[in-house]
Amino acid sequence: MSRHDPRELAAVFVGGALGTLARAVLTVLVAPEPGHWPWPTFVVNIVGAFLLGYFTTRLLERLPVSSYRRPLLGTGLCGGLTTFSTMQVETITMLEHGHWALAAGYTAASITAGLLAVAVATALVRRAMVRG
């Protein structure tokens with residue numbers, strides 16, 4: 001039986017609550033119209049991918065090891081902020097309404113932009129390491 005550090009679980013909880021709150025606020029403020037590009041989900045997923053790349057690289061390569069930073073920022077904040085499941089539901093809805101090109105473009109753009117965001121964030125952290 002594994003033992004969980006309650007402080008680590010609290011870090012995931014706090015980070016997740018902050019990320020989820022940020023996503024919910026954006027979704028309420030900028031609710032997408034049916035048949036249109038779902039900007040709130042797209043933006044939070046790309047921003048979340050960027051932050052995950054930044055935090056992961058910075059925490060693993062630049063800062064001393066911490067038991068709480070990665071669960072707070074990576075698992076919690078980025079996990080609560082991003083939403084792959086909503087992206088999938090939006091894609092299925094587009095397909096069900098005959099918006100095949102929009103669904104394909106949304107899926108391709110989400111995956112491509114997310115990977116690019118992680119790569120850019122990682123490169124920025126590593127570039128700062130070389131200068132610093």
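Counting begins at 1 with the first residue of the sequence. Below, all heavy atoms of this structure are taken into account, side chains as well, without hydrogens, waters or symmetry copies.
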Practice prompt. Keeping the roles fixed (side chain from H97, backbone from T93), state whether a donor-acceptor pair exists under 3.5 Å.
Written response: yes
Worksheet item: Would you say N45's side chain and M87's backbone share a donor-acceptor pair under 3.5 angstrom?
Response: no
Discussion item. Below 30° counts as parallel, above 60° as perpendicular, anything between as tilted: where do the rings of Y106 and F42 land?
Written reply: tilted
Discussion item. Show the nearest heavy-atom pair for residues P38 and M94, with the distance to one decimal.
Written reply: CD-CE, 3.4 Å
Discussion item. For a quick test of reading the model, state the closest non-hydrogen atom pair linking G114 to A49 and the distance between them.
Written reply: O-CB, 3.5 Å
Please table the atom pairs, donor to acceptor, closer than 3.5 Å between any side-chain atom in residues 54-61 and protein atoms at least two apart or in another chain.
residue : atom : partner : partner atom : Å
T56     : OG1  : L52     : O            : 2.7
T57     : OG1  : G53     : O            : 2.8
T57     : OG1  : T122    : OG1          : 3.1
E61     : OE1  : R126    : NE           : 2.9
E61     : OE2  : R126    : NE           : 3.3
E61     : OE2  : R126    : NH2          : 2.6

Hydrophobic cluster identity match, [X] and [Y], side-chain contacts under 4.5 Å:
X: F84; Y: V43; answer: yes
X: V47; Y: W39; answer: yes
X: V25; Y: I46; answer: yes
X: L9; Y: L77; answer: no

Residues 12-23 side chain polar contacts: donor-acceptor under 3.5 Å, at least two apart:
residue : atom : partner : partner atom : Å
T20     : OG1  : G16     : O            : 2.8
R23     : NE   : G80     : O            : 3.1
R23     : NE   : L81     : O            : 3.2
R23     : NH2  : G80     : O            : 3.0

Euclidean distance, [Y] [atom2] relative to [X] [atom1], rounded to 0.5 Å:
X: Q88; Y: T83; atom1: CD; atom2: OG1; result: 9.5 Å
X: L73; Y: L51; atom1: CG; atom2: CG; result: 9.0 Å
X: S110; Y: E90; atom1: OG; atom2: CD; result: 8.5 Å
X: L102; Y: L95; atom1: CG; atom2: CG; result: 9.0 Å
X: Y68; Y: D5; atom1: OH; atom2: CG; result: 4.0 Å

